[in-house]
Number of protein chains: 2
Amino acid sequence: MAPTSETLTAARILEVTEEVLRRHGPAKATVVDVARALGVSHGSVYRHFRTKAALREAVTERWLDRTSASLSGIAAEGGRDPEARLRDWFTALFTAKRHKAGDDPELFATYMVLIGENSAVVDRHIADLTIQLTGIVQDGVERGVFASAAPATTARALFDATGRFHDPCYARDWEQPGIDAEFEAVVELVVRGLRA
Amino acid sequence: MAPTSETLTAARILEVTEEVLRRHGPAKATVVDVARALGVSHGSVYRHFRTKAALREAVTERWLDRTSASLSGIAAEGGRDPEARLRDWFTALFTAKRHKAGDDPELFATYMVLIGENSAVVDRHIADLTIQLTGIVQDGVERGVFASAAPATTARALFDATGRFHDPCYARDWEQPGIDAEFEAVVELVVRGLRA
DNA sequence: CGACTGACAGATATTGAAATCTGTCAGTCG
DNA sequence: CGACTGACAGATTTCAATATCTGTCAGTCG
């Protein structure tokens with residue numbers, strides 16, 4: 001509760017804003033709330049973030065980047081079988097998104113606000129993930145286990161085809177019983193489609 | 001404008017309700033509007049449909065069934081190559097949905113209201129389409145051109161994997177320039193995954 | 001008798017006035 | 001000087017009063 005009396009930094013604002021968003025949700029959280037939690041006036045917050053939208057984006061970007069970072073480990077395991085890595089990557093993506101939606105509903109709602117605003121942060125996140133996928137596909141092509149004339153296009157198709165298991169607009173379905181079987185069926189289908 | 005003075009039937013109510021929904025949209029259209037357009041009291045409408053939701057569902061069901069019916073022609077062309085039929089079916093589905101969203105925005109919005117209500121009409125529509133797909137897959141398996149241990153599961157996976165091109169939650173993207181290339185890439189991927 | 005009406009109760013939507021919030025900036029303070 | 005404050009204008013949200021709508025049903029009419 002008692003705010004540290006250190007100098008105000010962008011990092012500290014992000015930290016506190018994330019907590020405020022988690023508590024109040026994107027609909028109720030105000031810049032004044034954030035300032036109060038920091039023990040400063042709201043004018044000080046505007047010194048570090050030009051608008052409320054920019055603050056919301058920065059918090060969500062950090063939150064999304066934590067997912068990207070954890071997946072990049074799998075994508076970069078150069079030694080392992082590309083097909084196994086691809087399956088693990090999709091499984092990890094699905095698991096991560098499902099947890100974000102289930103365990104952190106307010107930040108997930110904030111993420112959906114960004115989608116509604118067509119924020120560049122969302123595009124960047126998708127681009128990040130697609131680049132990771134492209135790496136795995138390319139690796140598979142080089143080893144002769146995958147067939148793809150244009151790995152970036154193929155990666156995008158893989159991402160699109162699995163949207164049901166990572167796109168926020170399907171979040172409601174991720175708790176449904178049959179969803180894991182559906183996931184397996186789609187992954188099986190696209191992996192088969194990728195094999196050389 | 002001048003309402004026919006025939007007896008009031010469910011069919012006539014549906015006809016007029018569709019027109020009222022098209023004009024006012026699901027947010028503004030009221031049962032009173034429908035009754036006025038029919039030249040009767042709103043009590044008479046309730047004689048044929050128990051609730052406003054039931055009326056909305058019936059109109060949307062008719063509207064969705066027109067799509068299903070046009071696709072079932074392709075699914076049932078027993079003579080043709082299953083792969084070509086599958087590609088044509090997906091193309092026709094994408095085209096139909098895109099036109100519904102673009103040319104009939106108010107009825108499309110009504111459809112999205114039903115989705116929000118978890119209406120059985122939507123489930124039935126998806127089940128209809130999946131059954132058509134299952135038929136094509138099964139046909140391909142029998143001819144030895146497709147590989148599938150469980151055609152119904154595979155059909156569902158095909159439907160899920162192509163969601164970006166028929167699920168209403170993506171309607172905004174259907175006017176974007178790159179969408180046709182994305183569609184081709186996904187269809188290519190899943191068709192390859194289906195081949196024997 | 002059976003299709004239809006219209007008044008009605010409770011639920012929902014609309015409206016406009018008051019409260020709060022966003023973003024700015026002149027001024028304070030160390 | 002530069003980080004911070006707090007009063008301010010305009011935009012947005014809230015809230016309560018008001019109007020409209022949904023769904024029912026006793027009663028009318030052919």
Side-chain angles (χ1 to χ4, degrees), chain A residues 2-60 106 109-110 112-114 116-119 121, chain B residues 2-60 106 109-110 112-114 116-119 121:
Chain A
T4 326
S5 61
E6 281 165 29
T7 48
L8 190 61
T9 63
R12 224 163 83 67
I13 294 174
L14 288 181
E15 204 77 50
V16 168
T17 304
E18 183 167 325
E19 195 46 45
V20 169
L21 278 169
R22 218 188 296 277
R23 211 177 289 283
H24 298 85
K28 290 282 181 185
T30 72
V31 177
V32 173
D33 291 333
V34 172
R36 185 166 30 241
L38 282 161
V40 299
S41 80
H42 75 282
S44 299
V45 174
Y46 279 100
R47 170 167 300 287
H48 292 87
F49 296 92
R50 259 203 305 292
T51 65
K52 184 185 184 180
L55 180 55
R56 184 169 44 218
E57 288 193 339
V59 168
T60 309
E106 299 296 9
T110 306
M112 298 198 65
V113 169
L114 259 60
E117 286 168 344
N118 270 68
S119 163
V121 168
Chain B
T4 326
S5 61
E6 281 165 29
T7 48
L8 190 60
T9 64
R12 224 162 84 67
I13 293 173
L14 287 180
E15 204 78 49
V16 168
T17 304
E18 183 166 326
E19 196 46 45
V20 169
L21 278 169
R22 217 187 298 275
R23 210 177 292 281
H24 298 84
K28 290 283 182 185
T30 72
V31 177
V32 173
D33 290 334
V34 172
R36 187 169 26 244
L38 283 160
V40 299
S41 81
H42 74 281
S44 300
V45 174
Y46 279 99
R47 169 167 301 286
H48 292 87
F49 296 92
R50 259 204 304 293
T51 65
K52 184 186 185 179
L55 179 55
R56 184 168 44 216
E57 288 193 339
V59 169
T60 310
E106 299 295 9
T110 307
M112 298 198 66
V113 170
L114 259 60
E117 286 168 344
N118 270 69
S119 164
V121 167

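For clarity, every value in this text was computed on a predicted model and none was experimentally measured. Here is the naming used below: chain letters follow the sequence lines, and residue numbers restart at 1 for every chain. For the numbers below, each heavy atom of this structure counts, side chains included, while hydrogens, waters and symmetry mates do not.
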Closest-nucleotide ordering on DNA chain C, the 5'-leading residue of Ser41(B) and Lys28(B):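 Whichever sits nearer the 5' end wins; that is Ser41(B).
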Pairwise 5' ranking along DNA chain C for Gly43(A) and His48(B), keeping only the more 5' one: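 Here His48(B) is the residue nearer the 5' end.
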Residue met sooner reading DNA chain D from 5', once Arg47(B) and Ala29(B) are mapped to nucleotides: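 Result: Ala29(B).
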Residue met sooner reading DNA chain D from 5', once Val40(A) and Tyr46(B) are mapped to nucleotides: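 The residue closer to the strand's 5' end, by nearest nucleotide, is Val40(A).
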Rounded to whole angstroms, how far apart are [atom1] on [X] and [atom2] on [N]?
X: Leu8(A); N: dC29(C); atom1: CG; atom2: C1'; value: 17 Å
X: Lys52(B); N: dA11(C); atom1: NZ; atom2: P; value: 17 Å
X: Leu38(A); N: dT5(D); atom1: CG; atom2: C1'; value: 15 Å
X: Arg50(B); N: dT24(D); atom1: CZ; atom2: C1'; value: 14 Å
X: Arg56(B); N: dC21(D); atom1: CZ; atom2: P; value: 15 Å
X: Leu55(B); N: dC21(D); atom1: CG; atom2: P; value: 15 Å
X: His24(A); N: dC21(C); atom1: NE2; atom2: C1'; value: 14 Å
X: Arg36(B); N: dG6(C); atom1: CZ; atom2: C1'; value: 15 Å

Side chain His42(A) and base dG6(D) donor-acceptor under 3.5 Å: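 Absent.
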Suppose we define a pair by two distances each less than 3.5 Å, Watson-Crick or G-U wobble; what does [N] pair with here?
N: dC1(D); result: dG30(C)
N: dG16(C); result: dC15(D)
N: dC25(C); result: dG6(D)

Work out which heavy atom in [X] is nearest to a heavy atom in [Y]; give both atom names and the distance.
X: His48(A); Y: Ile13(A); result: ND1-CD1, 3.6 Å
X: Tyr46(B); Y: Thr51(B); result: CE2-CA, 4.0 Å
X: Lys28(A); Y: Asp33(A); result: O-OD2, 3.6 Å

Sugar-phosphate only, base, or nothing, as touched by Thr30(A) at under 4.0 Å among non-hydrogen atoms: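 Result for Thr30(A) = sugar-phosphate.
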Sugar-phosphate only, base, or nothing, as touched by Ser44(A) at under 4.0 Å among non-hydrogen atoms: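 It contacts base atoms.
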Euclidean distance, Thr110(B) OG1 relative to His24(B) NE2, rounded to 0.5 Å: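 His24(B) NE2 to Thr110(B) OG1: 12.5 Å, rounded to 0.5 Å.
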Which atom pairs, donor and acceptor, lie under 3.5 Å between side-chain atoms of residues 52-59 of chain A and protein residues at least two apart or in another chain?
| residue | atom | partner | partner atom | Å |
| --- | --- | --- | --- | --- |
| Lys52(A) | NZ | Ala29(A) | O | 3.2 |
| Arg56(A) | NH2 | Glu117(A) | OE2 | 2.6 |
| Glu57(A) | OE2 | Ser119(A) | OG | 2.7 |

